[in-house]
Amino acid sequence: MDDPLMSARARVLHDLHASGNDDPRAVSILEDAVSERRWWVSEWPEGAAYVAGQIAQDVQDALLDSVGRWPLCRACDEVEPHELRINPELGPDPRWVCERSGMAVAPLGEL
């Protein structure tokens with residue numbers, strides 16, 4: 001069976017790269033998020049199916065504090081910069097969704 005944490009790491013790293021945000025600071029933030037979620041999965045093994053979305057949200061929150069909004073939506077006509085959000089917030093098969101229009105843009109790991 002695949003390690004859900006490493007799978008989540010790969011998916012988030014892909015999206016960081018696709019958006020040009022895979023610099024050392026962002027990768028370090030991702031590594032910290034994976035490390036912190038390791039405890040979460042060990043305490044709630046049934047939550048392993050949800051960890052990818054949680055890690056993406058952790059990285060998104062940390063980047064907001066240090067770099068700015070990530071990932072930015074490029075899928076709708078809204079002119080003002082805004083971000084994509086993970087949906088569902090806690091569930092399997094997380095997708096990036098435009099926070100303004102509600103439009104599903106891409107599955108996590110496929111930006």
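Model, not experiment: these values are computed from the prediction.
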inquiry  = Nearest 0.5 angstrom please: R9 CZ to I55 CD1, how far?
reply    = 10.0 Å
ask   = Measuring from I86:CD1 to Y50:OH, what's the distance to the nearest 0.5 Å?
value = 15.0 Å
Same apolar cluster (I L V M F W Y, side chains within < 4.5 Å links), L90/V51 = yes
inquiry  = For residues W44 and V41: do they belong to one hydrophobic cluster (side chain heavy atoms under 4.5 Å, members Ile, Leu, Val, Met, Phe, Trp, Tyr)?
reply    = yes
Over all heavy atoms of both residues, which pair between [X] and [Y] is shortest? Give the atoms and the distance, please.
{"X": "M6", "Y": "V34", "value": "CE-CG1, 3.7 Å"}
{"X": "S19", "Y": "W70", "value": "OG-NE1, 2.7 Å"}
{"X": "L108", "Y": "G53", "value": "CD2-N, 4.1 Å"}
{"X": "V59", "Y": "L30", "value": "CG2-CA, 3.7 Å"}
{"X": "R25", "Y": "S66", "value": "NH1-O, 3.3 Å"}
{"X": "S42", "Y": "P45", "value": "O-CD, 3.9 Å"}

message = For E31, is the CD atom crowded, meaning more than 12 foreign heavy atoms sit under 6.0 Å from it?
response = yes
message = The test is side-chain contact (heavy atoms from CB on, under 4.5 Å); show your working for R38 and D3 and say whether it passes.
response = CA-CA 11 Å; R38 189 167 304 285; D3 179 347; 4.1 Å; yes
key: Pair R74-V105, side-chain contact (heavy atoms from CB on, under 4.5 Å): steps then yes or no   = CA-CA 9 Å; R74 306 214 188 288; V105 175; over 6 Å; no
ask   = Is it true that a side-chain atom of H17 and a backbone atom of D22 form a donor plus acceptor pair closer than 3.5 Å?
value = no
Check: A52 main-chain N/O paired with Q57 side-chain donor or acceptor under 3.5 Å = no
List the atom pairs, donor and acceptor, that lie under 3.5 Å between side-chain atoms in residues 94-103 and the rest of the protein, sequence neighbours left out.
residue, atom, partner, partner atom, Å
W96, NE1, D15, OD2, 2.7
E99, OE2, R69, NH1, 3.2
E99, OE2, E83, N, 3.4
R100, NH1, E78, OE2, 3.1
R100, NH2, E80, OE2, 3.3
S101, OG, M103, N, 3.1

task = Sort and list the pairs that fulfil salt bridge (Lys or Arg N to Asp or Glu O under 4.0 Å) and have at least one residue in residues 41-67, not counting sequence neighbours.
result = R37-D58
request  = Report the C-alpha separation of V67 and I29 in whole Å, then their side-chain angles, then the decisive distance to 0.1 Å, and conclude whether the side-chain contact (heavy atoms from CB on, under 4.5 Å) test is met.
outcome  = CA-CA 11 Å; V67 176; I29 287 170; 5.6 Å; no
